[in-house]
Amino acid sequence: MPELPEVEVTRLGLVDRLDGASVRAVRLGKPLRWPLGIAPQALVGARVGRVQRRGKYLWLPLGEAGGLLLHLGMSGSLRLEAAPTVTPAGPHDHFEMDTDRGRLRLTDPRRFGAVVWSRTMACAPAATLLGRLGVEPLSADFDGGVLHAGLRGRRMPIKPALLAGDVVVGVGNIYCSEALFEAGIDPRLPAGRLDPARCERLAAAVTDVLQRALAAGGSTLRDFRDVHGLGGEFQRQARVYGREGEPCPRCAGPVQRIVQGQRATYFCPRCQPG
DNA sequence: ATGGGTACCTGTCTGC
DNA sequence: TGCAGACAGGTACCCA
């Protein structure tokens with residue numbers, strides 16, 4: 001997916017344009033990960049509030065009508081098209097919400113994404129999905145201490161441990177490899193073995209990588225688009241992700257690719273000793 | 001509690 | 001050219 005920067009880029013593109021919009025129609029395409037959980041007509045007439053983000057989830061408040069929890073899965077993106085430019089729904093458009101400010105559309109070829117109705121963020125099903133999420137990496141609450149405390153006792157390698165999202169949210173497969181490279185930490189190191197100094201370096205690297213990605217509009221490997229249909233640029237700045245065999249930008253040795261938990265990890269064995 | 005594996009689904013690229 | 005197989009940004013869930 002869309003990792004945290006891509007979701008935040010999406011949120012930033014929606015928040016002002018949708019704030020106060022009134023819902024005119026809701027249409028569903030093929031089934032997504034879970035059913036919507038409410039009749040689409042029940043949302044007609046609702047007024048949209050300010051879009052929020054928690055981890056990689058977006059929350060679209062709908063006033064009295066509750067709200068929608070959205071996830072972009074692996075291949076999803078949201079577009080907001082103004083009235084004159086609306087295009088017909090394609091085969092991968094699985095959710096559409098017409099408002100007086102334009103049409104919001106979820107395009108998601110792989111359909112790992114989700115749009116789920118919930119009364120509030122604090123009740124099920126939203127609360128269930130959000131309940132296990134760790135700290136927000138771009139908030140003041142996140143630092144090396146949080147990381148160190150959260151990883152204590154874990155024998156799982158740091159790469160999948162960071163990816164799991166229960167200590168810190170939003171660090172997906174690209175940014176995980178990038179942050180570990182920036183911090184000089186071996187992705188295979190057992191998570192609980194990271195000392196406070198390494199945790200401090202890693203927390204700083206996570207924050208830095210995510211902020212730079214956000215500034216670049218996120219990463220577009222294939223599917224991701226912002227609400228205007230534009231791709232992100234961060235993938236060009238990636239130091240190790242997707243660069244197996246290429247020279248490490250620091251030591252010029254070959255970048256290595258390994259598989260951890262069925263996901264590719266890219267790293268430099270010389271610059272990431274532990 | 002931790003952690004490993006599986007499942008969901010489609011499109012694209014690689015190698016034979 | 002055709003086709004099988006690998007691979008892709010995520011994460012809930014089941015089981016050991």
* What's the shortest heavy-atom distance between Leu43(A) and Ala65(A), and which atoms? -> CD2-O, 4.0 Å

* **Closest non-hydrogen atom pair, Pro5(A) against Leu214(A)** => O-CD1, 3.7 Å

* Salt bridge between Arg79(A) and Asp226(A), side-chain N to carboxylate O under 4.0 Å? -> no

* Is Arg111(A) paired with Asp108(A) through a side-chain N to carboxylate O contact shorter than 4.0 Å? -> no

I need the [atom1]-[atom2] distance between [X] and [N], as an integer number of Å.
| X | N | atom1 | atom2 | result |
| --- | --- | --- | --- | --- |
| Leu130(A) | dT11(C) | CG | P | 11 Å |
| His71(A) | dC8(B) | NE2 | C1' | 14 Å |
| Tyr175(A) | dG9(C) | OH | P | 12 Å |
| Met74(A) | dC9(B) | CE | C1' | 10 Å |
| Leu4(A) | dG9(C) | CG | C1' | 13 Å |
| Asp226(A) | dG9(C) | CG | C1' | 16 Å |
| Arg263(A) | dA8(C) | CZ | P | 8 Å |

Considering only nitrogen or oxygen atoms on both sides, find all protein atoms under 3.5 Å from nucleotides 3-5 of chain B and state each distance.
unit_1 : atom_1 : unit_2    : atom_2 : d
dG3(B) : OP1    : Arg155(A) : N      : 2.7
dG3(B) : OP1    : Met156(A) : N      : 2.8

Residues that [X] engages under side-chain hydrogen bond (donor to acceptor under 3.5 Å, both in side chains), provided they are two or more places apart:
| X | value |
| --- | --- |
| Arg225(A) | none |
| Arg54(A) | Glu136(A) |
| Glu244(A) | none |
| Arg154(A) | Asp166(A) |

* Just by distance, with hydrogens left out, do Arg105(A) and Thr87(A) show a side-chain donor and acceptor under 3.5 Å apart? -> yes

[atom1]-[atom2] distance between [X] and [Y], expressed to the nearest 0.5 angstrom:
| X | Y | atom1 | atom2 | result |
| --- | --- | --- | --- | --- |
| Asp100(A) | Arg24(A) | CG | CZ | 5.0 Å |
| Lys159(A) | Ile258(A) | NZ | CD1 | 8.0 Å |
| Arg110(A) | Met74(A) | CZ | CE | 4.0 Å |

* To do: Using side chain to side chain donor-acceptor pair (under 3.5 Å) as the criterion, point out the one residue from Gln260(A), Arg257(A), Gln256(A) that pairs with Thr265(A).
  => Gln260(A)

* With a 4.0 Å heavy-atom cut-off, tell me which residues in residues 109-116 of chain A come close to DNA chain B, sorted by residue number. => Pro109(A), Arg110(A), Arg111(A), Phe112(A)

* To do: Would you jot down, in residue-number order, the residues of residues 162-170 of chain A having a non-hydrogen atom under 4.0 Å from DNA chain B?
  => none

* **Same-atom distance (P) from dT6(B) to dA6(C), integer angstrom** => 14 Å

* Please state the P separation for the pair dT14(B) and dG9(C) - nearest whole angstrom. => 16 Å

* With distance as the sole test, does Arg47(A) use its side chain to make a donor-acceptor pair with the main-chain N or O of Gly63(A) at under 3.5 Å? -> no

* Are any side-chain N or O atoms of Glu200(A) and backbone N or O atoms of Gly144(A), one a donor and one an acceptor, separated by less than 3.5 Å? -> yes

* Asked: Which part of the nucleic acid, if any, lies within reach of Asp223(A) when heavy atoms closer than 4.0 Å are counted: base, sugar-phosphate only, or nothing?
  -> base

What pairs of nitrogen or oxygen atoms, one from the protein and one from nucleotides 3-7 of chain C, lie under 3.5 Å apart?
none

* Would you tell me if any nitrogen or oxygen in the side chain of His92(A) comes within less than 4.0 Å of OP1 or OP2 on dT10(B)? => no

* **Below 4.0 Å: OP1/OP2 of dC9(B) and any side-chain N or O of Lys30(A)** => no

* Going by number, which of residues 119-126 of chain A have a non-hydrogen atom under 4.0 Å from DNA chain C? -> none

* Under the criterion salt bridge (Lys or Arg N to Asp or Glu O under 4.0 Å), which of Arg101(A), Arg11(A), Arg50(A) is the partner of Asp16(A)? -> Arg50(A)

* Asked: Above 12 or not: heavy atoms from other molecules or residues under 6.0 Å from CZ of Arg27(A)?
  -> yes

* Strand DNA chain C as a dot-bracket string - pairs counted if Watson-Crick or G-U with both distances under 3.5 Å, | where the partner lies in another strand -> .|||||||.|||||||

I'd like a list of close polar pairs between nucleotides 12-16 of chain C and the protein, N/O only, cut-off under 3.5 Å.
unit_1  : atom_1 : unit_2    : atom_2 : d
dA12(C) : OP1    : Tyr57(A)  : OH     : 2.6
dA12(C) : OP2    : Arg132(A) : NE     : 3.4
dA12(C) : O4'    : Arg33(A)  : NH1    : 3.2

* To do: Treat each ILVMFWY residue as a node, draw an edge where side-chain heavy atoms are under 4.5 Å apart, and state whether Val44(A) and Leu104(A) are in one component.
  => no

* Do the side chains of Met156(A) and Leu180(A) join up, straight or via other hydrophobic residues, at under 4.5 Å, putting them in one cluster? -> no

* Using the ring-ring contact (aromatic ring centres under 6.0 Å, His included) rule, pick out the option among Tyr57(A), Trp34(A), Phe112(A) that qualifies with His71(A). => Tyr57(A)

* To do: Would you list the pairs meeting side-chain hydrogen bond (donor to acceptor under 3.5 Å, both in side chains) in which at least one residue belongs to residues 212-224 of chain A, sequence neighbours left out?
  => Tyr175(A)-Ser219(A), Glu182(A)-Arg212(A), Asp208(A)-Arg212(A), Arg212(A)-Gln237(A)

